[in-house]
Amino acid sequence: MALFSQSTVGKGSDSFTDFCCSPCLEHKIDQWAEFYCDNCLKFYCAKCINLHGQLFGKHVTYGRGDTSKWPVSKEVEDFIQKCDLHEDKRLEMFCNDHSQLCCTNCAFLNHRQCAKVVLISESVKGPLPDLQQLSRKIQTVLVELKKLQNYWDTNMQSLQVTYNKQLHEIGQTRQKINTILDEIEKTTLKELEDKMTSLKASVNTNVDNCSKLQNELTRLRDTIHDIVDKGKAELSFIASKKCLQKINQSETYLIENLVQVESSLTFQVDSDFQQQLSKLPGLGKIVVCTQNVPLPGAPDKKVLTVQGKSKYNVKIPSDAEKRFDIIAICVLLNDQILVADHNNKRVKLLDHQYQVVGHCDLNACPMDMCPITPSEVAVSVDDETTHEVQFVSINDGRLVKGRKLQFIHPCFGIANNQQDLYITSGTALNKYSMTGDLLNKLYEDTSGGCTVSMCAVSPSGDKIFVTNFAHGKVITLARDGTVICTFTDPDLVWPRGIHVTAQGQVLVCGGRSGNILQLDGEGKKKLATLATRSDGLYYPLSVCYNRSSSSIIVGQADRADILVFKVK
């Protein structure tokens, strides 16, 4: 019986089954075997094989170079022969009717009516199956499953972002409703105040009239007392007439106000309004939006077409430099837009209306920018003495600088895929870990300056696109840096910015040619010219696709304006 142990090669690798030296194991020593003896049916380490060779010189042994002649380990046999449905049973039969392996339980429960259930030993006829071909097929399927898993991981992140965004929208809706209710309350209170003022004015008028009549009658009464028995005929005549006139006036007033109307204020609730509110199931409806999206790496030949154009200024009062080169643009999963202002050494945060709502200053000129997480970007920063990658995150609507990585070579283009950073130096493309460790140099072109300008990675990570500014090329590299193809076109002069959409569409800026081209997903041919100088392009430096608004955002040299092209 073969002796075995579990071993692991390299951190994070999958475990595999290996064999222990048989003599060492008898002495309770766990030592890997290096040889197998076909005569002894035992395994030996490098030390024990020497003694074995002295005792059994004619035995046939196989080293690790001939592991195909070693026996299959017990763990491998157990794994292969274990029934998937009944883990305590071994596979012993094969149902030809259903082309299924069976243990005794499976045969009894599911295949009693089948006519062609035989022992596996009786089914093994003819040449052995090509297990190597099956292994290659498994590897292909594993790669596709990994792509699908990466897609779902990304989808989960974007789903959380949309959830948080809708929470904010619901809160904003509640605030708007509160504002409306406040205005309604203010209008109702104003109506109450106006009616109270009107009623008070009316009552005050009546009080004044009563008071006036009382005062006049009292004075006339007192005056009569003064002229009675004075023999003043004229005064008595006048006094009598005035008294009669005022008495008539007062009696008339009393008759008019014989029945008093008591005024009061009552608030009658708008029951219809309350009932309508109570009938509402919520502030709105939650809608699950779905759309068919090809998996990363799947061919997508959809050609974008421009439907309209808008222009927005990203200058802010504190900008010191008058020249503006919008050298990089990035749209995060939560629809927040970042632009890199090269001359002012700033990253600026834009809202959905493309207005600057925040910024952070860098210690050198930004060259490029790529998303890392839904709320963080990496910015390549470079000048004569500074070669860095600065991480910037969005925290409560503010841009916050985080950690930075320093390099010995210039840092121009930057892209990220699966925790790998791709950084161009002008003549080379290097792949780094997220901690700044060099993994390998993927590509180099020393035929001139700016031969490796900007870079972008396909969603699946199997292709890397590099712009050759000096020679007017777009180069497509495989994951290992092998050149897959090179694209050139008379319409593409001094290409710099390049961007790959989530659907694999490749967009590239022609600086001197003043245009935006769409290439196919392989970077082999031009599918469309999306915008030219006639559309307002001057010298495009950067391009980015905003999926949520179906638009292409373009940054230019010597312009404070960004152009937004609506596409479908």
Side-chain angles (χ1 to χ4, degrees), residues 152-206 259-293 307-308 310 312 331-338 348-359 371 373-376 393-400 502 545-551 553 564 566-568:
W152 288 122
D153 288 341
T154 302
N155 184 251
M156 180 58 72
Q157 292 179 349
S158 62
L159 181 62
Q160 184 63 45
V161 167
T162 59
Y163 171 80
N164 294 336
K165 183 178 178 180
Q166 300 321 306
L167 280 181
H168 178 72
E169 290 294 329
I170 291 171
Q172 291 292 101
T173 301
R174 175 58 187 270
Q175 290 299 322
K176 290 177 181 178
I177 292 175
N178 288 345
T179 302
I180 293 171
L181 291 175
D182 289 342
E183 288 298 320
I184 292 174
E185 180 186 16
K186 187 184 297 183
T187 302
T188 306
L189 291 174
K190 178 67 166 54
E191 182 182 0
L192 175 64
E193 185 67 27
D194 290 344
K195 290 190 180 298
M196 181 61 178
T197 301
S198 176
L199 289 174
K200 286 173 66 175
S202 176
V203 172
N204 285 333
T205 299
N206 290 328
V259 178
Q260 294 298 315
V261 177
E262 182 179 340
S263 298
S264 63
L265 294 170
T266 302
F267 173 60
Q268 295 180 350
V269 179
D270 189 339
S271 58
D272 291 339
F273 178 70
Q274 286 189 334
Q275 288 177 6
Q276 289 299 323
L277 279 180
S278 64
K279 290 179 182 179
L280 292 177
L283 296 178
K285 183 182 292 184
I286 305 299
V287 180
V288 177
C289 301
T290 60
Q291 60 177 327
N292 295 325
V293 179
Q307 301 293 305
S310 302
Y312 303 92
V331 178
L332 300 182
L333 287 178
N334 55 3
D335 297 340
Q336 291 175 303
I337 304 165
L338 298 175
K348 298 177 179 178
L349 175 64
L350 312 183
D351 61 15
H352 296 167
Q353 286 73 45
Y354 301 97
Q355 301 301 307
V356 180
V357 293
H359 73 276
T373 71
S375 60
E376 184 183 41
S393 59
I394 302 175
N395 187 0
D396 292 331
R398 297 183 300 109
L399 293 182
V400 180
Y545 178 71
N546 187 348
R547 178 178 170 183
S548 65
S549 62
S550 298
S551 58
I553 310 172
V564 180
K566 189 73 175 178
V567 297
K568 73 169 187 177

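Throughout, residue positions are numbered sequentially from 1 according to the sequence presented. From a predicted model like this one, the values you see are computed outputs, not experimental measurements.
Atom CG of residue Asn164 and atom NE2 of residue His168 lie 11.0 Å apart, to the nearest 0.5 angstrom. The distance from the CD atom of Gln172 to the CD1 atom of Ile177 is 12.0 Å, given to the nearest 0.5 Å. With rounding to the nearest 0.5 Å, the separation of CD1 in Ile337 from OG in Ser549 is 6.5 Å. Remark: Leu332 CG to Ile394 CD1 distance equals 5.0 Å, nearest 0.5 Å. Atom CZ in Arg398 sits 11.5 Å away from atom CG in Leu349 (nearest 0.5 Å). Here the CE atom belonging to Met156 is positioned 13.0 Å from the OH atom belonging to Tyr163, to the nearest 0.5 angstrom.
Within the structure, side chain to side chain donor-acceptor pair (under 3.5 Å) pairs that include any residue of residues 192-204 comprise Lys190-Asp194 (at least two apart or interchain).
Of all the heavy atoms in His359 and Leu399, the pair that sits closest is CA-CD1, 3.8 Å. Nearest approach of Tyr312 to Gln355, heavy atoms of both residues: CD2-NE2, 4.2 Å.
In this structure, the side chain to side chain contact (heavy atoms under 4.5 Å, CB included) partners of Gln166, at least two apart in sequence or on a different chain, are Glu169. Evaluation of the salt bridge (Lys or Arg N to Asp or Glu O under 4.0 Å) rule for Glu183 yields Lys186 as partners, not counting sequence neighbours. Annotation: side-chain hydrogen bond (donor to acceptor under 3.5 Å, both in side chains) contacts of Asn395 (sequence neighbours excluded): none. In this structure Lys568 satisfies the side-chain hydrogen bond (donor to acceptor under 3.5 Å, both in side chains) test with no other residue, sequence neighbours excluded.
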>> Evaluate Ile170 against Ile286 for side chain to side chain contact (heavy atoms under 4.5 Å, CB included), listing each step before the verdict.
In response: CA-CA 10 Å; Ile170 291 171; Ile286 305 299; 4.3 Å; yes

>> The test is side chain to side chain contact (heavy atoms under 4.5 Å, CB included); show your working for Arg174 and Asn178 and say whether it passes.
In response: CA-CA 6 Å; Arg174 175 58 187 270; Asn178 288 345; 3.0 Å; yes

>> Evaluate Tyr354 against Ile553 for side chain to side chain contact (heavy atoms under 4.5 Å, CB included), listing each step before the verdict.
In response: CA-CA 10 Å; Tyr354 301 97; Ile553 310 172; 3.9 Å; yes

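Looking only at side-chain heavy atoms (C-beta outward), Met196 and Leu265 come within less than 4.5 Å of each other.
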Tell me which donor-acceptor pairs under 3.5 Å the side chains of residues 270-280 have, and how far apart each pair is, sequence neighbours excluded?
residue	atom	partner	partner atom	Å
Asp270	OD1	Asp272	N	3.2
Asp270	OD1	Phe273	N	3.2
Ser278	OG	Gln274	O	3.3
Ser278	OG	Gln275	O	2.7

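Formation of a donor-acceptor pair under 3.5 Å by the Asn546 side chain with backbone atoms of Ser550 is not found in this model.
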